[in-house]
Number of protein chains: 2
Amino acid sequence: MLKGYFSEYKVFLAVDCIIFGFDDEDLKVLLIQRDFEPEKGKWSLMGGFLKKEETLDDAASRVLFKLTGMHNIYMEQLYSFSEVNRDPVDRTISTSYYAIVNIDKHNKELIKNYNAKWFSLSKIPDLIFDHNLIVDKAVRRLRRRTSINPIGFELLPEKFTMRQLQKLYEAILDKDIDKRNFINKINSMDILVKLKEKDMSSSTKGSYLYKFDQQKYDEKQGNNFYLKI
Amino acid sequence: MLKGYFSEYKVFLAVDCIIFGFDDEDLKVLLIQRDFEPEKGKWSLMGGFLKKEETLDDAASRVLFKLTGMHNIYMEQLYSFSEVNRDPVDRTISTSYYAIVNIDKHNKELIKNYNAKWFSLSKIPDLIFDHNLIVDKAVRRLRRRTSINPIGFELLPEKFTMRQLQKLYEAILDKDIDKRNFINKINSMDILVKLKEKDMSSSTKGSYLYKFDQQKYDEKQGNNFYLKI
DNA sequence: ACAAAAGTGTTTAATCTACACCCATGT
DNA sequence: ACATGGGTGTAGATTAAACACTTTTGT
């Protein structure tokens with residue numbers, strides 16, 4: 001066993017990316033429509049093969065950049081899927097990554113080129129291979145992660161209202177939250193800065209804008225937050 | 001992109017297993033001493049290459065069986081490590097699994113054949129490649145998982161005392177726990193059966209033995225436990 | 001004046017934490 | 001009789017959950 005590598009089996013290794021976004025109402029996933037075989041015309045996660053000189057993280061970043069035009073996207077490795085016949089063309093292992101992007105910041109041209117579209121979680125179509133499974137796992141991970149670590153800020157504009165943040169959490173966790181309890185919890189974390197500005201678009205009264213304070217957040221790291229919302 | 005697979009790069013895919021055990025005192029990891037190059041003589045995780053007709057789970061089960069002689073070991077996929085030069089011989093991606101075994105039930109002959117040895121967490125030597133990193137990640141995952149889901153029972157004999165269970169938790173979480181609070185918490189989960197038997201080996205008074213009740217546990221699944229110890 | 005969303009605190013319930021003494025038995 | 005580990009309950013603190021009214025301003 002393990003004496004030499006010569007006789008061992010090699011496989012294709014792909015990364016597939018679950019890209020989450022938020023549009024003030026729904027949590028969404030960015031899917032592409034395949035214009036190549038197999039399963040041409042069907043919806044799928046954006047993916048690509050691992051290349052010789054890159055790590056899986058590199059590959060995921062590359063794939064994400066290709067579709068969104070964005071660098072330094074928040075992402076996390078999710079799981080490696082390896083059913084023998086998951087890909088009908090040839091044995092391919094898929095290491096999945098989930099990513100979180102600001103739905104307003106990505107490059108809309110690229111999206112067109114790839115026939116990509118945002119789908120609300122409740123409206124995700126049948127995907128190729130085991131991609132529905134992968135999405136499910138990503139959603140569950142995102143939910144868990146969100147209740148431990150406030151990572152959702154990538155999904156919002158730089159300045160946002162408490163209401164937007166609350167809607168985001170409601171979308172991610174798929175449940176209603178009491179607004180007073182929510183605000184108290186968020187404030188107790190002490191990682192936001194309240195601005196003097198108001199957003200006047202959603203009401204006559206206007207609502208204060210907040211910014212995520214990266215520095216405060218970093219200082220508190222390690223303390224995990226356990227939002228328990 | 002993705003047109004054909006022909007031109008794409010293939011890699012070796014290995015599974016490496018972090019095998020946890022518990023000896024009534026310490027949480028331990030089973031390591032093998034390599035009797036082959038590279039890094040002959042150094043300690044390492046037990047691993048093996050993915051084969052043509054098996055999934056990663058299959059491969060991990062196979063590797064675990066090879067070293068312990070046990071089937072149906074509790075295990076969970078951990079993470080895929082992919083640094084380009086992590087393996088000096090040839091590019092190899094490692095998908096790691098952590099496993100939890102009863103330290104008294106595995107086959108001691110096999111362990112000898114592999115020059116394997118149990119190491120307490122605090123005494124893990126320098127391992128080959130990135131294996132120390134992998135072990136760290138496994139320990140962190142085990143700690144988190146243990147506080148959400150009571151999975152530690154695999155580490156104990158079928159019948160065990162509250163004291164043993166508490167020591168196990170203390171070993172996993174690496175902290176002291178108040179015995180009354182611990183018992184209350186465990187009892188509130190209602191997944192153990194208290195037996196009439198006592199274990200007389202640890203004290204003159206003897207202490208009651210308990211059994212894990214798989215059925216009750218299954219009924220409660222989905223409710224996650226959040227031990228918060 | 002009213003409609004629509006924003007903002008704000010308190011009370012109750014649940015859970016967590018800290019803590020100390022008696023019990024049973026073998027020697 | 002005493003040494004050793006086993007067993008048990010409660011009070012105080014913290015955290016979570018439920019809940020309703022006032023403010024602002026454009027129409």
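Just so it is clear: chains get the letters A, B, ... in the order the sequence lines come, proteins before strands, and each one is counted from 1.
- Put simply, the side chain of A/Leu142 reaches to within 4.5 Å of the side chain of A/Leu27, judged on heavy atoms.
- Evaluation of the side-chain hydrogen bond (donor to acceptor under 3.5 Å, both in side chains) rule for B/Lys198 yields no partner, not counting sequence neighbours.
- Put simply, chain A comes within 4.0 Å of DNA chain C, heavy atom to any atom, from C/dA4 to C/dG9, going 5' to 3'.
- Every residue meeting the side-chain hydrogen bond (donor to acceptor under 3.5 Å, both in side chains) condition with A/Gln214, not counting sequence neighbours, appears here in chain and number order: A/Asp218.
- Taking B/Asp178 as the reference, B/Arg180, B/Asn181 meet the side chain to side chain contact (heavy atoms under 4.5 Å, CB included) condition, with sequence neighbours excluded.
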Measure all distances between protein nitrogen or oxygen atoms and nitrogen or oxygen atoms of nucleotides 21-27 of chain D, and list the pairs falling under 3.5 Å.
| from | atom 1 | to | atom 2 | distance (Å) |
| --- | --- | --- | --- | --- |
| D/dT23 | O2 | A/Lys205 | NZ | 3.0 |
| D/dT25 | O2 | A/Thr204 | OG1 | 2.9 |

Can you give the donor-acceptor pairs under 3.5 Å from side chains of residues 203-211 of chain A to other protein atoms, not counting sequence neighbours?
| from | atom 1 | to | atom 2 | distance (Å) |
| --- | --- | --- | --- | --- |
| A/Ser203 | OG | A/Lys205 | N | 3.4 |
| A/Ser203 | OG | A/Gly206 | N | 2.9 |

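- Residues satisfying the salt bridge (charged side-chain N to carboxylate O under 4.0 Å, His left out) test with A/Lys42, not counting sequence neighbours, are A/Glu39.
- Considering only residues two or more places apart in sequence or on other chains, A/Tyr217 meets the ring-ring contact (aromatic ring centres under 6.0 Å, His included) condition with A/Phe212, A/Phe225.
- In this structure B/Lys105 satisfies the salt bridge (charged side-chain N to carboxylate O under 4.0 Å, His left out) test with no other residue, sequence neighbours excluded.
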Check nucleotides 9-19 of chain D against the protein and report each pair of N or O atoms closer than 3.5 Å, with its distance, or say if there are none.
| from | atom 1 | to | atom 2 | distance (Å) |
| --- | --- | --- | --- | --- |
| D/dA18 | N7 | A/Asn181 | ND2 | 3.0 |
| D/dA18 | N6 | A/Asn181 | OD1 | 3.0 |
| D/dC19 | N4 | A/Asp178 | OD1 | 3.2 |
| D/dC19 | N4 | A/Arg180 | NE | 3.4 |

Which donor-acceptor pairs under 3.5 Å do the side chains of residues 122-130 of chain A make with protein atoms, sequence neighbours left out?
| from | atom 1 | to | atom 2 | distance (Å) |
| --- | --- | --- | --- | --- |
| A/Asp130 | OD1 | A/Arg86 | NE | 3.3 |
| A/Asp130 | OD1 | A/Arg86 | NH2 | 2.9 |
| A/Asp130 | OD2 | A/Arg86 | NE | 2.7 |

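- Residue pairs meeting the salt bridge (charged side-chain N to carboxylate O under 4.0 Å, His left out) criterion with at least one member in residues 163-173 of chain B, sequence neighbours excluded: B/Glu25-B/Lys167.
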